[in-house]
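The next block holds one structure in the form of structure tokens; read it before the comments.
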There are 2 protein chains.
Amino acid sequence: MILEKKKIFNDFAASKGLRSTRQRDIILDIFLSTRQHVSVEELYLKIKASNPGIGHATVYRTLKLFSEAGLAREILLHDGQTRYEHAVAGEHHDHLVCTGCNSIIEFEDETIEKLQKDIAARHGFLIKNHKLEIYGLCAACRQ
Amino acid sequence: MILEKKKIFNDFAASKGLRSTRQRDIILDIFLSTRQHVSVEELYLKIKASNPGIGHATVYRTLKLFSEAGLAREILLHDGQTRYEHAVAGEHHDHLVCTGCNSIIEFEDETIEKLQKDIAARHGFLIKNHKLEIYGLCAACRQ
DNA sequence: TATGCTTTTGACATTCATTTTCAGTTAGTT
DNA sequence: AACTAACTGAAAATGAATGTCAAAAGCATA
Ligand SMILES: [Mn+2]
Ligand SMILES: [Mn+2]
Ligand SMILES: [Zn+2]
Ligand SMILES: [Zn+2]
């Protein structure tokens, strides 16, 4: 599964004429080993621990490439930090975001997805992507 | 309707012990005269045209007050600028956002709202608010 | 109307995430 | 090995938003 993701990135890189670099390999390894919804800064710090040379700009640039390659999805919650999650082709989910403990619950709902398509169709709108985030308190934070 | 909104703000201000100022009156007037989803900068420039003295900080501070008072809703799309729309108590809608021309289509869907409540209930999650944004191309931008 | 206290304002500085710049390094090709 | 274009990282720049603080204004009271 990790090898599969590395192959996806290599294929993407090849198709775009990108070079294979030590930095990209390291960042991909570490990204694949993190939990979901990691912030760029969290990832940068984790990378720096084992690879002090790698800079902020490279981490930002490389995560954008992972998004383009379909390996990662950018998540913008309401805390001013861009986060990334592991993406799988053809799969999609949305988020319940706890404002108490910052935990995130993922969910999928086919009916909601279908209704979104209906709404778009009704307006002659072509969907590229969407975000559905439900903010509130998780079971633990409700006390 | 505009008078009604002014009353809502005045009542809110009174309940919070806020003072009535020329700046707040002007900013409310101009906010109420703008189209939906105005960015803070757009609003600031419009205000400055007739009232050169009013500063950025006051516009930011005052819009936050309008949100608290329930007159405005903060919208964070993917362009890094906070926008505000006119809010009406008890009403809610979501957005189709055209990445071609930046236009926004508003929609309401009771079934989606209901399904969100079901999902939250299933996870023991207490909803405070949510955002559903569908990005893509509007009919005009599809050509 | 004057006094006094408190809130509000706005110029300016600051913050903080992200992007840009650019000179030096590196990958991949001939 | 030589060449060339892509890549990197330190540092600077950007830009939205917030903090600071002295001056101004609102409002209660005398
Ligand atoms: Mn997720
Ligand atoms: Mn709207
Ligand atoms: Zn929680
Ligand atoms: Zn459009």
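To find a chain, count down the sequence lines: A is the first, B the second, and so on, and within it residues start at 1.
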Problem set entry | Under-4.0 Å salt bridge between B:Lys6 and B:Asp29 | yes

For this session: Return the value, rounded to whole Å, for the distance between atom CG of A:Leu43 and atom P of C:dT18.
Result: 12 Å

Exercise. Closer than 4.0 Å, any side-chain N/O of A:Lys64 to the OP1 or OP2 of C:dT19?
Worked result: yes

For this session: To the nearest Å, give me how far apart OH (A:Tyr44) and P (C:dT19) are.
Result: 16 Å

For this session: Quick one: label B:Gly53 by what it contacts on the DNA or RNA (base, sugar-phosphate, nothing), any heavy atom closer than 4.0 Å.
Result: sugar-phosphate

For this session: Would you mind checking if A:Glu41 and A:Lys46 are paired as a salt bridge, meaning a charged N to carboxylate O distance below 4.0 Å?
Result: no

Problem set entry | pair A:His123-B:Leu96: side-chain heavy atoms closer than 4.5 Å | yes

For this session: Can you sort out which residues in residues 23-31 of chain B have a heavy atom within less than 4.0 Å of DNA chain C? Ascending by number, please.
Result: B:Gln23, B:Arg24

Exercise. How many Å lie between NE2 on B:His56 and P on C:dA13, as a whole number?
Worked result: 16 Å

Problem set entry | Candidate list A:Val38, A:Leu71, A:Val40, test side-chain contact (heavy atoms from CB on, under 4.5 Å), partner A:Leu63, passing option | A:Val40

Exercise. Using 4.0 Å as the upper bound for N to carboxylate O, is an ion pair formed by A:Lys114 and A:Asp118?
Worked result: yes

Problem set entry | Separation of D:dA10 P from A:Ile54 CD1 (nearest whole Å) | 10 Å

Problem set entry | Donor-acceptor under 3.5 Å (A:Glu42 side chain, A:Ser39 main chain) | yes

Seminar exercise, completed: To the nearest angstrom, the CG-C1' distance between A:Leu76 and D:dA16 comes to 15 Å

Exercise. When you check the gap from the basic side-chain N to the acidic O, do B:Glu85 and B:Arg83 get nearer than 4.0 Å?
Worked result: no

Measure all distances between protein nitrogen or oxygen atoms and nitrogen or oxygen atoms of nucleotides 15-17 of chain C, and list the pairs falling under 3.5 Å.
unit_1: C:dA17; atom_1: OP1; unit_2: A:Gln81; atom_2: OE1; d: 3.1
unit_1: C:dA17; atom_1: O3'; unit_2: A:Gly80; atom_2: O; d: 3.4

Problem set entry | Residue pair B:Tyr84 / B:Arg73, side-chain heavy-atom distance below 4.5 Å | no

Seminar exercise, completed: Rounded to whole Å, CD of A:Glu42 lies from C1' of C:dT18 at a distance of 16 Å

For this session: At under 4.0 Å between heavy atoms, which parts of nucleotides 22-30 of chain C does protein reach? Answer with one letter per nucleotide, 5' to 3': B base, S sugar-phosphate only, - none.
Result: ----BBS--

Exercise. Under 3.5 Å, side chain of A:Thr62 to main-chain N/O of A:Thr58, donor-acceptor pair present?
Worked result: yes

For this session: Report yes if the side chains of A:Thr82 and A:Leu76 come closer than 4.5 Å at any heavy-atom pair, otherwise no.
Result: yes

Problem set entry | Atom-pair distance (NZ on A:Lys48; P on D:dT8), nearest Å | 18 Å

Seminar exercise, completed: Separation of D:dT18 atom C1' from B:Leu63 atom CG, nearest Å, is 14 Å

Exercise. For the residue pair B:His95 and B:His37, does the interplanar ring angle fall in the parallel (under 30°), tilted (30 to 60°) or perpendicular (over 60°) class?
Worked result: perpendicular

